[in-house]
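Ligands are counted one by one from 1 in listed order, and the atoms in each one are counted from 1 as well.
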Amino acid sequence: MGAMLQEFLAIAVLALVLLMVVVLLLTILAHLRTATPYGGTPQAVGMAMVHLARLEDGQRVCDIGAGDGRLLIAAKRACSKIQAVGFENALGVWLVGKLRILWSGQKVRLLLRDARKFNFSRADAVFLYVGPEMMRSLLPKFDRELKKGARVVSHSFRFPGRKPVKVEEVSTGKKVKKVYLYRW
Ligand SMILES: C[S@@+](CC[C@H](N)C(=O)[O-])C[C@H]1O[C@@H](n2cnc3c(N)ncnc32)[C@H](O)[C@@H]1O
């Protein structure tokens, strides 16, 4: 191999490693800023959430902190004529999500954005799997923006001082997880 090619390959590998480090650092930073690390909803829980959301053709479902997009992919598979939009602010997780959506062949939009800066007035249903702090901060936002009758389905975490209309327990095989349905 020529010396020039060797040098080029070394620079390319170094650039790739640097890029991966930057993506990793940005992902960690995003997780620290929102205090909500990535964790995927198990399939059985996701199915229960999709069922509770009662999605109909033409409706819009949003996942706040969509992770790898799995809930939206499951929702699209259950009801193909919905609009599925997710918000993920951690670059590395978002990249994995884009690949997963591509692989699934489903038409799901996954935006690299801080969901708190988006207006949810067009959402008919919202999926959540975020920590208590984020739940608390989303409550006044939802009161301002969500349309009457919108469904919010939350995995594991409740809104403080707000009574869910339904609580379901779902076994994942290893654990029993709770899913809360709220109606605005
Ligand atoms: C526990 S994971 C849930 C992923 C997915 N919803 C699921 O149930 O499989 C929470 C995700 O929310 C993202 N997140 C937290 N705060 C966010 C915000 N303000 N805007 C967008 N994404 C956020 C985190 O980066 C993380 O990937």
Side-chain angles (χ1 to χ4, degrees), residues 22-53 55 60-78 82-104 106 108-142 144-146 150-159 164 168-182:
V22 169
V23 168
L24 190 70
L25 285 176
L26 287 175
T27 304
I28 292 169
L29 203 69
H31 280 154
L32 287 176
R33 256 206 322 255
T34 56
T36 304
Y38 174 71
T41 292
Q43 197 182 11
V45 181
M47 295 311 289
M49 291 174 78
V50 170
H51 183 72
L52 280 172
L55 298 164
R60 171 183 284 240
V61 61
C62 296
D63 188 351
I64 294 184
D68 62 6
R70 63 181 66 190
L71 290 177
L72 296 172
I73 294 170
K76 261 308 240 192
R77 285 196 173 125
I82 57 164
Q83 293 169 44
V85 188
F87 302 85
E88 176 52 57
N89 69 344
L91 180 62
V93 181
W94 175 81
L95 281 171
V96 172
K98 290 298 270 187
L99 288 176
R100 186 168 184 154
I101 290 164
L102 195 70
W103 182 252
S104 76
Q106 298 296 326
V108 168
R109 281 174 70 202
L110 184 63
L111 307 173
L112 180 61
R113 289 241 196 110
D114 184 337
R116 293 169 299 189
K117 294 186 179 144
F118 192 82
N119 186 303
F120 289 95
S121 53
R122 285 175 62 207
D124 298 286
V126 176
F127 291 137
L128 293 174
Y129 182 22
V130 291
E133 214 173 286
M134 181 92 165
M135 293 296 283
R136 198 171 305 115
S137 74
L138 284 174
L139 194 52
K141 180 173 171 61
F142 283 179
R144 280 194 307 274
E145 295 173 5
L146 282 186
R151 286 92 64 201
V152 178
V153 188
S154 175
H155 171 186
S156 286
F157 298 97
R158 307 176 59 135
F159 288 108
E168 243 177 48
E169 291 196 341
V170 186
S171 170
T172 65
K174 292 179 198 147
K175 284 183 187 168
V176 174
K177 306 277 259 169
K178 280 191 177 157
V179 176
Y180 302 94
L181 170 67
Y182 295 87

Nitrogen or oxygen atoms of A90 and ligand 1 under 3.5 Å apart = no
Counting each atom of ligand 1 from 1 as listed, which ones have a heavy atom of G40 under 4.0 Å away?
-> 9 (O)
Heavy-atom distances under 4.0 Å are what count here, so tell me which part of I64 touches ligand 1: side chain, backbone, both or neither.
-> neither
May I ask you to test the I101-Q106 pair for a side-chain heavy-atom distance under 4.5 Å?
-> no
Run the contact test for H155 against ligand 1 with a 4.0 Å cut-off on heavy atoms, strictly below, and give the result.
-> no
Option of least heavy-atom distance to atom 13 (C) of ligand 1 (set: M134, E88, E133) = E88
Residue, atom name and distance, where the atom is the protein heavy atom closest to atom 2 (S) of ligand 1 = G39 O, 3.2 Å
Starting from atom 9 (O) of ligand 1, find the nearest protein heavy-atom neighbour and note its residue, name and distance.
-> T41 N, 2.9 Å
Is there side-chain contact between F157 and Y180, with at least one heavy-atom pair below 4.5 Å?
-> no
Spatial distance of atom CE (M49) from atom CG (L128) [nearest 0.5 Å] | 7.0 Å
Which one of R113, R70, K117 has a non-hydrogen atom at the shortest distance from atom 21 (C) of ligand 1?
-> R113
F142 vs F159 side-chain heavy atoms within contact, under 4.5 Å | yes
min-distance protein heavy atom vs atom 19 (N) of ligand 1 -> D114 OD1, 2.8 Å
How far is atom 24 (C) of ligand 1 from its nearest protein heavy atom, and which residue and atom is that?
-> T36 O, 3.3 Å
Region of D63 engaging ligand 1 - heavy atom pairs below 4.0 Å = side chain
Of V50, T172, L71, which meets side-chain contact (heavy atoms from CB on, under 4.5 Å) against V45?
-> T172
The closest protein heavy-atom partner of atom 10 (C) of ligand 1 is Y129 O, 3.4 Å
For the pair K141 (side chain) and R116 (backbone), establish whether a donor and an acceptor sit closer than 3.5 Å, ignoring hydrogens and angles.
-> yes
Beyond-backbone contact of I64 with F120, side-chain heavy atoms, under 4.5 angstrom = yes
Any idea which heavy atoms bring L72 and A66 closest together, and the distance?
-> CD1-CB, 4.4 Å
of all protein heavy atoms, closest to atom 14 (N) of ligand 1 is N89 OD1, 3.5 Å
Is the count of non-hydrogen atoms from other residues, nucleotides or ligands lying under 6.0 Å from K178 atom NZ greater than 12?
-> no
Please confirm whether the backbone N or O of G67 pairs with a side-chain atom of E88, one donor and one acceptor, at under 3.5 Å?
-> yes
Protein residue, atom and distance nearest to atom 20 (N) of ligand 1, heavy-atom basis | A115 N, 2.9 Å
In terms of residue, atom name and distance, what is the protein heavy atom nearest to atom 4 (C) of ligand 1?
-> G65 O, 3.3 Å
